[in-house]
Number of protein chains: 2
Amino acid sequence: MAQILENISKIVTLSPEEELLFLSKIETKHYKAKTVILSAGEVCKDSYFVNSGLLRSFTINDNIVEHVLSFACEGWWIGDMYSLLSQKPGNLFIEVLEDAEVVLLSKENQEELYHLIPKLERFFRIIVENSLVAYQERLMDNLSLSAEERFDKFCKKYPTLIQKVPQKQIASFIGVTPEFFSKMKSRLLRK
Amino acid sequence: MAQILENISKIVTLSPEEELLFLSKIETKHYKAKTVILSAGEVCKDSYFVNSGLLRSFTINDNIVEHVLSFACEGWWIGDMYSLLSQKPGNLFIEVLEDAEVVLLSKENQEELYHLIPKLERFFRIIVENSLVAYQERLMDNLSLSAEERFDKFCKKYPTLIQKVPQKQIASFIGVTPEFFSKMKSRLLRK
DNA sequence: TAGAGCACTTAATGTAGATTAAGAAAGAAG
DNA sequence: CTTCTTTCTTAATCTACATTAAGTGCTCTA
């Protein structure tokens, strides 16, 4: 319930009144697995915080190939940053992989909160900074590591995801086809 | 001189006093081409804003292969975000490609300014948000586009860089070897 | 309990891009 | 101007990974 407050408190300290104010600006929703809560072509209106369950964001190329941009489980934020910032139609789908409880923070409320509680501007700055570092590293990994090394890093970084996520989506996340991933995996197991 | 203030004013409005305060916290330096202003293994102490000239950040793999993470010309920020945030030794080199005038903002001063001028927290939040969107797009491009398509996007996005930057570094930026880049380029010219 | 659909595997074949190696061209430095 | 170094090109060969295709085994639904 106050999961998101706990998450925020790891970075900035809100007063009880500020916490109440914050809670008044968010909305909690429950989604079944396989629900698509945002589609490519739509404008992203909200930031999503995952209380429980599992989501992913991805694009679809030429109506065929999916590419997973990110997973989000308990305690993570997800959204279509490009669309959210520009308020233009985005390229991302956001889909529920496991039944989820999600906190929605609308763009307007978020902007309003920046004024009402400047500490939240700090909070989101830091969240975004950390996210930027992670994407920079992932990009460099894609430029410099082999598929096997990227898989290895993935396993170490997200050990819990490996059981939960269909393996073809892990393949997509690290940037290989499901067929090659399968071959690579069995090759690794033989060692 | 007040180039950086102009840059800031595109996003937030500072009062004259705030501008003076800001100026008192920064330092301007001149570097010759080929200067390495940050090396892998060092802790990054500053954010760099480019007044003039051209810089790049890159890693080196196994003491051999370079991978360009970013270029920064007039009006751009550059740094080793990972190292700057964590204050741990980083993996990036930052090198001057063309004689440059660079504004240095130390981490301490930056943090201090967040408290003194909260609007600057907004400024940097927005800068980092935009940067995140760009890296997310670049990652997805690397997962889904061919080298030729990535080169095409690069040309459209950074037309001025093509003349300035040695072509092997463009190759590295888009994620191919210089040899393949050369072949690809002559193939494109023949059309 | 059948059968429709996914997720995963295996294997043959194809290819984008890497590697290696050499030479040409163009700067920089003395 | 000459030499040294670095960048760029070309070409042969190689390989990591993609593509295509077929088959296996889930699990969900009816």
Side-chain angles (χ1 to χ4, degrees), chain A residues 32-36 54 56 58 60-68 71 95-99 140-154 161-191, chain B residues 32-36 54 56 58 60-68 71 93 95-99 140-155 161-191:
Chain A
K32 284 275 163 209
K34 303 198 177 173
T35 313
V36 174
L54 178 58
R56 67 162 176 149
F58 63 99
I60 299 185
N61 261 63
D62 310 323
N63 291 320
I64 304 176
V65 193
E66 292 183 7
H67 291 279
V68 175
F71 297 107
E95 181 198 32
V96 179
L97 295 180
E98 284 182 357
D99 293 6
M140 293 314 264
D141 287 350
N142 271 280
L143 293 180
S144 61
L145 303 181
S146 68
E148 213 167 301
E149 291 169 312
R150 276 177 272 144
F151 178 46
D152 203 55
K153 267 195 136 178
F154 180 89
L161 280 185
I162 301 163
Q163 352 285 344
K164 293 185 179 185
V165 177
Q167 134 182 345
K168 61 182 240 178
Q169 287 175 23
I170 298 179
S172 168
F173 183 92
I174 68 171
V176 294
T177 57
E179 292 86 356
F180 182 76
F181 187 89
S182 174
K183 194 160 72 178
M184 180 174 76
K185 206 185 69 175
S186 71
R187 193 198 309 145
L188 287 174
L189 286 177
R190 246 175 279 126
K191 292 178 189 170
Chain B
K32 285 272 165 214
K34 303 197 176 172
T35 313
V36 173
L54 179 59
R56 67 162 177 151
F58 63 100
I60 298 185
N61 261 65
D62 309 324
N63 291 320
I64 304 178
V65 193
E66 294 183 7
H67 291 278
V68 175
F71 298 107
F93 295 82
E95 181 198 31
V96 179
L97 295 181
E98 286 182 355
D99 293 6
M140 293 313 266
D141 286 351
N142 272 281
L143 293 180
S144 62
L145 302 182
S146 68
E148 214 167 301
E149 291 168 313
R150 277 177 272 144
F151 178 46
D152 203 55
K153 267 195 136 179
F154 181 88
C155 293
L161 281 184
I162 301 162
Q163 352 286 344
K164 294 185 179 183
V165 176
Q167 132 182 345
K168 62 182 238 178
Q169 286 175 24
I170 298 179
S172 167
F173 183 92
I174 68 171
V176 294
T177 58
E179 294 85 355
F180 182 76
F181 186 89
S182 174
K183 192 161 73 176
M184 180 174 75
K185 206 185 69 174
S186 71
R187 194 200 307 144
L188 287 175
L189 287 176
R190 244 175 280 127
K191 292 181 189 170

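In this text the structure is predicted, and so the values were computed from the model without any measurement. In the text below, chain A, chain B and the rest are named by the order of the sequence lines, each starting its count at 1.
We find the CG-NZ distance between A:D141 and A:K153 to be 3.5 Å, quoted to the nearest 0.5 Å. Atoms CZ and CG, from A:R150 and A:D152 in turn, are 12.0 Å apart once rounded to the nearest 0.5 Å. For the atom pair NE2 (A:H67) and CG (A:N61), the distance works out to 4.5 Å, reported to the nearest 0.5 Å. In this structure, CZ on B:R187 lies 5.0 Å from CZ on B:F180, to the nearest 0.5 angstrom. Taken to the nearest 0.5 Å, the CG atom of B:L161 stands 6.5 Å off from the CZ atom of B:F71. For the atom pair B:S146 OG and B:I174 CD1, the distance stands at 9.0 Å (nearest 0.5 Å).
Within the 4.5 Å cutoff, side-chain heavy atoms of B:I162 are placed close to those of B:C155. Residues B:E148 and B:L188 meet the side-chain proximity criterion, which asks for heavy atoms closer than 4.5 Å.
Nucleotides of DNA chain D lying under 4.0 Å from heavy atoms of chain B occupy a range whose first and last members, 5' to 3', are D:dT7 to D:dT10.
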Please produce a list of atom pairs where a protein N or O lies less than 3.5 Å from an N or O of nucleotides 5-7 of chain C.
from, atom 1, to, atom 2, distance (Å)
C:dA7, OP2, A:K168, NZ, 3.0

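In the region residues 170-183 of chain A, proximity to DNA chain C at under 4.0 angstrom, judged on heavy atoms, holds for A:E179, A:S182.
The shortest heavy-atom contact between A:V96 and A:E98 is CG1-O, 3.2 Å.
Relative ring orientation between B:F151 and B:F181 is described as perpendicular, the plane-to-plane angle rising above 60° on a 0-90° scale split at 30° and 60°.
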Reading nucleotides 24-30 of chain C from 5' to 3' and marking B where a protein heavy atom lies under 4.0 Å of the base, S where only the sugar-phosphate is that close, and - otherwise, the string is -------
Validation: residues 166-173 of chain A side-chain donor-acceptor distances under 3.5 Å, sequence neighbours left out:
from, atom 1, to, atom 2, distance (Å)
A:Q167, OE1, A:K185, NZ, 2.9
A:S172, OG, A:E66, O, 3.2
A:S172, OG, A:V68, N, 2.8

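What separates CZ of A:R187 from P of C:dC8 is a distance of 18 Å, to the nearest Å.
End-to-end axis angle for the helix from C:dT1-D:dA30 to C:dG30-D:dC1, using five pairs per end and rounding to 10°, comes out at 50°.
Side-chain N or O atoms of B:D99 include none that pairs as donor or acceptor with a backbone N or O of B:K32 at under 3.5 Å.
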